Participant: 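Here's a structure for you.
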Amino acid sequence: MRPGGGSVVSVLEVGGTHVTAACVDIGTRSLRSGRSFREPLDGDGSTEDIVSALVRCAAHLSGGSPGPWAVALPGPFDYERGIGRYEGVGKFDALRGFDLRAALTASLPGATSVSFWNDADAFVLGEWWAGAAHGHRSVAGITLGTGVGSCFLRDGRIVRHGPGIPPEGRVHALRYADKPVEETVSRRALRRAYAQATGASPPDVREIARRAREGEGAAAAVFAEAFSALGRVLGPPLAAFRPTVLVVGGAIAGAWDLVAEPLRAGLDAADPARTRHIVITPAHQPDQAPLLGAARLATACGESRRRTASR
């Protein structure tokens with residue numbers, strides 16, 4: 001608890017190349033002092049390397065009162081048990097079968113508990129709580145990077161099943177052209193498409209985006225085709241789920257000027273009568289939303305457990 005009675009949750013957001021730490025003030029829906037701390041992380045490193053990077057970043061928050069920690073990270077991960085399930089996903093192989101909760105509970109400063117949350121869930125909930133989706137009752141969100149993350153919300157609650165919801169709410173389980181959608185929309189897919197179109201060694205997505213903006217046809221076509229395809233994949237489920245907003249985050253969303261138009265066109269091509277009302281927007285808090293959402297999830301989980309224990 002901080003002075004004045006508002007609760008604070010310490011949060012780590014873990015990506016394939018970085019880890020970010022911050023303290024989230026639940027009462028103000030913001031980062032304490034507006035600050036976060038970032039450290040590099042080698043997703044291909046050993047267990048010791050990965051845990052050391054997380055603890056090193058968390059040390060920037062030392063000196064506060066004991067309290068809960070929340071960790072947002074990508075799957076496949078057993079979030080309930082705190083154990084990695086990574087295999088063949090190109091990162092965090094060292095965490096497969098590793099009890100990350102035990103390691104962090106023993107090492108994070110002042111940790112009274114450590115909870116784990118899917119990073120896409122945390123991102124979308126953070127945007128609903130204090131970002132682009134604030135005020136919307138029905139929300140869909142995706143993250144674009146090494147893959148396609150996703151989350152669906154109704155009244156601030158994560159929805160895993162129901163009309164329009166992909167299996168477990170995961171868009172990456174959908175298919176396009178008889179292949180997983182991430183074979184068309186992801187960092188590796190965009191780079192592969194560019195290499196096939198040009199015969200050249202592919203640069204990173206940021207450079208492909210720069211070339212597209214400078215008028216290179218092959219680069220522009222890579223973005224147009226990938227995100228039109230994503231729109232067509234998302235159209236039927238979103239027409240059934242009927243969100244009022246689709247929030248888009250992740251590193252590739254930084255090229256919003258190249259993403260927005262083909263995504264809209266693909267979405268409306270699928271079912272224009274039921275998708276044209278959906279607002280498509282980039283994240284308003286692209287860096288902070290996963291931190292805010294993880295803190296919100298941890299707080300709600302703690303409150304639920306306390307209510308259950310008091311019965």
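The structure displayed is predicted, hence computed values, not measured ones.
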Participant: Closest approach of R81 and R85, non-hydrogen atoms and distance?
Facilitator: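 Closest pair (atom of R81, atom of R85, distance): NH1-NH2, 3.1 Å.
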
Participant: Would you find a donor on one side and an acceptor on the other, under 3.5 Å apart, between the side chain of T143 and the backbone of A120?
Facilitator: no

Participant: Check whether any side-chain heavy atom of L54 lies under 4.5 Å from a side-chain heavy atom of L41, and answer yes or no.
Facilitator: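 Counting from C-beta outward, L54 and L41 do come under 4.5 Å.
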
Participant: Evaluate side chain to side chain contact (heavy atoms under 4.5 Å, CB included) for W128 paired with V245, printing each intermediate quantity in order.
Facilitator: CA-CA 10 Å; W128 171 81; V245 64; over 6 Å; no

Participant: Taking the side chain as every heavy atom from C-beta outward, state whether Q285 and R29 have any atom pair closer than 4.5 Å.
Facilitator: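 A side-chain contact under 4.5 Å is absent here.
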
Participant: Taking only residues two or more places apart in sequence, or in another chain, which ones meet D119 in a salt bridge (Lys or Arg N to Asp or Glu O under 4.0 Å)?
Facilitator: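 None.
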
Participant: Distance check, rounded to the nearest 0.5 Å: R296 atom CZ versus T299 atom OG1?
Facilitator: 8.0 Å

Participant: With the 4.5 Å side-chain cut-off for hydrophobic clustering, are L153 and F123 part of the same group?
Facilitator: yes

Participant: Count I, L, V, M, F, W, Y as connected when their side-chain heavy atoms are under 4.5 Å apart, and connections chain through other members. Are I26 and L31 then in the same cluster?
Facilitator: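 Shared cluster, yes.
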
Participant: Applying the 4.5 Å side-chain criterion to the ILVMFWY set and letting contacts propagate, would V139 and L230 be lumped into a single cluster?
Facilitator: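 Per the 4.5 Å side-chain linkage, V139 and L230 are not co-clustered.
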
Participant: Within the side chain of R188, is there an N or O that forms a donor-acceptor pair under 3.5 Å with the backbone of T146?
Facilitator: yes

Participant: On a heavy-atom basis, which atom in A255 and which in A209 lie closest, and how many Å separate them?
Facilitator: CB-CB, 4.1 Å

Participant: For a 4.5 angstrom cut-off between non-hydrogen side-chain atoms, does V124 reach V247?
Facilitator: no

Participant: Got L12 and L108 here, is their nearest side-chain heavy-atom distance under 4.5 Å?
Facilitator: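 Counting from C-beta outward, L12 and L108 do come under 4.5 Å.
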
Participant: Are F98 and F116 linked, directly or through other ILVMFWY residues, by side chains that come within less than 4.5 angstrom of each other?
Facilitator: yes

Participant: Identify, with sequence neighbours excluded, every residue that meets side-chain hydrogen bond (donor to acceptor under 3.5 Å, both in side chains) alongside R175.
Facilitator: none

Participant: If you count the non-hydrogen atoms of other residues, nucleotides and ligands that lie under 6.0 Å from CD in E39, is the total more than 12?
Facilitator: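 Counting neighbours around CD of E39, more than 12 heavy atoms of other residues, nucleotides or ligands fall under 6.0 Å, so yes.
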
Participant: For a quick test of reading the model, state the closest non-hydrogen atom pair linking C23 to S10 and the distance between them.
Facilitator: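 What the structure gives for the nearest pair is SG-OG, 3.8 Å.
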
Participant: Keeping E127 on the side-chain end and A132 on the backbone end, is there a donor-acceptor pair under 3.5 Å?
Facilitator: yes

Participant: Extract all donor-acceptor atom pairs below 3.5 Å that involve side chains of residues 219-229 and protein atoms in other chains or at least two apart in sequence.
Facilitator:
from : atom 1 : to   : atom 2 : distance (Å)
S228 : OG     : R232 : NH1    : 2.5

Participant: Could you check whether any side-chain N or O of S113 sits under 3.5 Å from a backbone N or O of P68, counting only pairs where one atom can act as donor and the other as acceptor?
Facilitator: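 Not confirmed, S113 side chain does not pair with P68 backbone.
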
Participant: CZ of R213: more than 12 outside heavy atoms within 6.0 angstrom?
Facilitator: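 Buried by this count: over 12 neighbours within 6.0 Å.
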
Participant: With sequence neighbours excluded, give me every salt bridge (Lys or Arg N to Asp or Glu O under 4.0 Å) pair touching residues 86-104.
Facilitator: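 Matches after skipping sequence neighbours: none remain.
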
Participant: For a 4.5 angstrom cut-off between non-hydrogen side-chain atoms, does L267 reach I280?
Facilitator: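 A side-chain contact exists here, since the closest heavy-atom pair is under 4.5 Å.
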
Participant: Taking the side chain from T198 and the backbone from A200, do they hold a donor-acceptor pair closer than 3.5 Å?
Facilitator: yes

Participant: Show the nearest heavy-atom pair for residues I158 and C151, with the distance to one decimal.
Facilitator: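 Minimum heavy-atom separation between I158 and C151: CG1-SG, 4.0 Å.
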
Participant: So among L297, D121, L73, which one has a side-chain contact (heavy atoms from CB on, under 4.5 Å) with Y79?
Facilitator: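 The side-chain contact (heavy atoms from CB on, under 4.5 Å) with Y79 is passed solely by L73 among L297, D121, L73.
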
Participant: Assess the residue pair D42 and D49 against the criterion (side chain to side chain contact (heavy atoms under 4.5 Å, CB included)); give the C-alpha distance rounded to whole Å, side-chain angles, the decisive distance to 0.1 Å, and a yes or no.
Facilitator: CA-CA 7 Å; D42 181 6; D49 292 337; 5.5 Å; no

Participant: Any chance you could measure L246, atom CG, to S138, atom OG, to the nearest 0.5 Å?
Facilitator: 11.0 Å

Participant: Could you tell me whether H18 atom NE2 has more than 12 heavy atoms of other residues or ligands within 6.0 Å of it?
Facilitator: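 It does: H18 NE2 has more than 12 such atoms within range.
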
Participant: I'd like to check the salt bridge (Lys or Arg N to Asp or Glu O under 4.0 Å) partners of E207; sequence neighbours left out, ordered by chain and number.
Facilitator: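 Once residues adjacent in sequence are excluded, the partners of E207 under the salt bridge (Lys or Arg N to Asp or Glu O under 4.0 Å) criterion are R210, R211.
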
Participant: Donor-acceptor pair, W129 side chain versus G293 backbone, under 3.5 Å?
Facilitator: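 Not confirmed, W129 side chain does not pair with G293 backbone.
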
Participant: Any chance you could measure I252, atom CD1, to I208, atom CD1, to the nearest 0.5 Å?
Facilitator: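 That separation rounds to 9.0 Å.
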
Participant: Check whether R191 reaches the backbone of P203 with its side chain - one donor and one acceptor, N or O, closer than 3.5 Å.
Facilitator: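 Flag set: sc R191 to bb P203 pair under 3.5 Å.
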
Participant: Is Y86 reaching over with its side chain to a backbone N or O of P74, donor-acceptor style, under 3.5 angstrom?
Facilitator: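 Flag set: sc Y86 to bb P74 pair under 3.5 Å.
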
Participant: To the nearest 0.5 Å, how far apart are CG in L144 and CZ in R187?
Facilitator: 14.0 Å

Participant: Could you name each residue pair satisfying ring-ring contact (aromatic ring centres under 6.0 Å, His included) that touches residues 152-179, not counting sequence neighbours?
Facilitator: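 Only F152-F241 qualify under ring-ring contact (aromatic ring centres under 6.0 Å, His included).
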
Participant: Considering all heavy atoms of both residues, which atom of P286 and which atom of A283 are nearest to each other, and what is their separation?
Facilitator: CD-O, 3.8 Å

Participant: Is the backbone N or O of G147 less than 3.5 Å from a side-chain atom of S186, with the two atoms forming a donor-acceptor pair by type?
Facilitator: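 Not confirmed, S186 side chain does not pair with G147 backbone.
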
Participant: Any non-hydrogen side-chain atom of L174 less than 4.5 Å from a side-chain atom of P237?
Facilitator: yes

Participant: Are the side chains of W117 and L125 in contact, using a 4.5 Å heavy-atom criterion?
Facilitator: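 L125 vs W117: side chains apart.
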
Participant: Given the rule that I, L, V, M, F, W and Y join up when any side-chain heavy atoms are under 4.5 Å apart, are F77 and V51 in one cluster?
Facilitator: yes

Participant: Would you say that R170 contacts R160 through its side chain, given a criterion of any heavy-atom pair below 4.5 Å between the two side chains?
Facilitator: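 In short, these two side chains touch, coming nearer than 4.5 Å.
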
Participant: Looking at every non-hydrogen atom in both residues, tell me the closest pair between V19 and C57 and how far apart they are.
Facilitator: O-SG, 3.4 Å

Participant: Okay, side chain of D204, backbone of R206: is any donor-acceptor separation there less than 3.5 Å?
Facilitator: no

Participant: Taking atom CZ of R242 and atom CD1 of I278, what is their separation to the nearest 0.5 Å?
Facilitator: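 Output value for this atom pair is 9.0 Å.
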
Participant: Roughly how far, to the nearest 0.5 Å, is the CD atom of E183 from the CG atom of D178?
Facilitator: 12.5 Å

